[in-house]
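This report refers to the structure that appears directly beneath it.
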Amino acid sequence: MFSSRLDWEARPNRLAEALEKRRLAGLPVLDLTESNPGRAGIEFGAGEILEALDDARSISYEPDARGLLEAREAVARYQGASPDDIVLTASTSEAYSMLFKLLCDPGGEILAPRPSYPLFDYLARLESVEVRHYSLLFHEGWWVEPGEWERRVTPRTRAIVVVNPNNPTGSYLRRGEVERLSRLCADRGIAIVSDEVFADYRLDPSPEIAPTLAGVEDALTFRLGGLSKSCGLPQMKLGWIVVGGPAATRAAAMRRLELIADTYLSVSAPVQHAAARWLARRTPFQERLLSRVRGNLEVLRGFTTPPRVEGGWYAIMRLPATRSEEDWVVDLVDRHGVSIQPGYFYDFQTEPFAIVSLLPKPEIFVEGIRRIGNALDES
Ligand SMILES: Cc1ncc(COP(=O)(O)O)c(C=O)c1O
């Protein structure tokens, strides 16, 4: 009766069960997976955020499929692009869905990094698109081996996704990697989708890092971002696609994206009218968030040597190979009251790894890391 796109294997999740058991027993958990800045107590000025929504223009409905000009102009100033090359979406996830519709027929393929953000498989499947993976290898930093993208591309590949910086490895592409990627994509007529939702949260000033794919001229490029990470406002539901690359292809893509956006008109007027004011306040918020991240990273470094974190909100910990990732994270909840994510959530190819968010309040983070230290000492 139902579409096979929804036939997802429901893997029993022992971590969710362990957390639920603890909750029912009324026992607290130190949550080192928290990734909502608001819940982590990072001040974003609730009063002013809400005030911006109180705008009389929001009472009339005058949609523009690409997004209202004033909001696109605000995103354009922020992204150093033209408002004519921008389409607003309700989220980055929706932006992916629109791009998969734009680029792929059913059965088309996209290449996505591994390890990375776990939603691609679901987003692609809902568009009847297949995900093939390319590997990020770890050797004193994360990198894409020369020839890796070329090996993974097939005649059905329509786009290569990069997440810059990547979640959860916190790694940016190198300038040389961007050159290789754009040359390959230009030669083969493949689009680049660059997820830059964490791009403002750079921690490493090394010049070899490519902080954004803005400026790629030879290949059709879609850069994605949103308020969810730029302003810590996931609940407001505003994202964007910035289109770059050769003028004629860019214009053809924009016409088609406009048609897709016009079919849904999913971004609300109040949010679009408020967007310029919210974006104007992003810098102090981002500074507070970065200061939290740096502080927690220091705490983590006092206890272990996490792989270099170049940007973003997460850090990876290598756990002793005395038991599986799942056993580690379940035991940490059961016996130590600390919640962290196992590497397999992000498709790490070896284990055991764990991912910690660098957003939690310092008192929670310090105590959580101390308890993890005790658990490791016991093992
Ligand atoms: C790499 C990456 N891209 C996209 C998103 C989703 O962002 P949005 O809330 O705009 O859909 C996330 C959320 O965590 C993410 O980590």
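Whatever order the structure lists them in is the order used to number ligands and atoms, beginning at 1.
- Among all protein heavy atoms, the one lying closest to atom 13 (C) of ligand 1 is K229 NZ, 2.9 Å.
- Tested against S230 for a side-chain hydrogen bond (donor to acceptor under 3.5 Å, both in side chains), the candidates W278, Y78, Y201 yield a single pass: Y78.
- No salt bridge links R255 with E258; every basic N to acidic carboxylate O contact stays at or beyond 4.0 Å.
- Among all protein heavy atoms, the one lying closest to atom 16 (O) of ligand 1 is N167 ND2, 2.7 Å.
- Contacts with ligand 1 closer than 4.0 Å are made by no heavy atom of E94, backbone or side chain.
- At least one heavy atom of S91 sits closer than 4.0 Å to an atom of ligand 1.
- Among protein heavy atoms, atom 3 (N) of ligand 1 sits closest to D195 OD2, 2.6 Å.
- Within ligand 1, counting atoms from 1 as listed, the ones closer than 4.0 Å to a heavy atom of V197 are 1 (C), 2 (C), 3 (N).
- Taking the charged nitrogens against the carboxylate oxygens, E367 and R371 do have a contact shorter than 4.0 Å, which makes a salt bridge.
- Between R174 and E310 there is a salt bridge, since at least one side-chain N of the basic residue sits less than 4.0 Å from a carboxylate O of the acidic one.
- The pair R158-D105 fails the salt-bridge criterion, with no side-chain N (NZ, NE, NH1 or NH2) lying under 4.0 Å from an Asp/Glu carboxylate O.
- Using cut-offs of 30° and 60° for the angle between ring planes, the Y96 and F120 rings count as perpendicular.
- In summary, the atoms of ligand 1 found under 4.0 Å from a heavy atom of V163, numbered by their order in the structure, are 1 (C).
- Short contacts between ligand 1 and F198, defined as distances under 4.0 Å to a heavy atom of the residue, involve ligand atoms 16 (O).
- Remark: Q235 CD to L227 CG distance equals 9.0 Å, nearest 0.5 Å.
- Looking at T92 next to ligand 1, an N or O pair under 3.5 Å apart turns up.
- Taking only nitrogen or oxygen atoms, main chain and side chain alike, Y117 does not reach within less than 3.5 Å of ligand 1.
- Using a cutoff of 4.0 Å between basic side-chain nitrogens and carboxylate oxygens, R72 and D64 are scored as salt-bridged.
- Closest to atom 9 (O) of ligand 1 among all protein heavy atoms lies S228 OG, 3.1 Å.
- Contact atoms of ligand 1 toward S93: 11 (O) (distance under 4.0 Å to a heavy atom of the residue).
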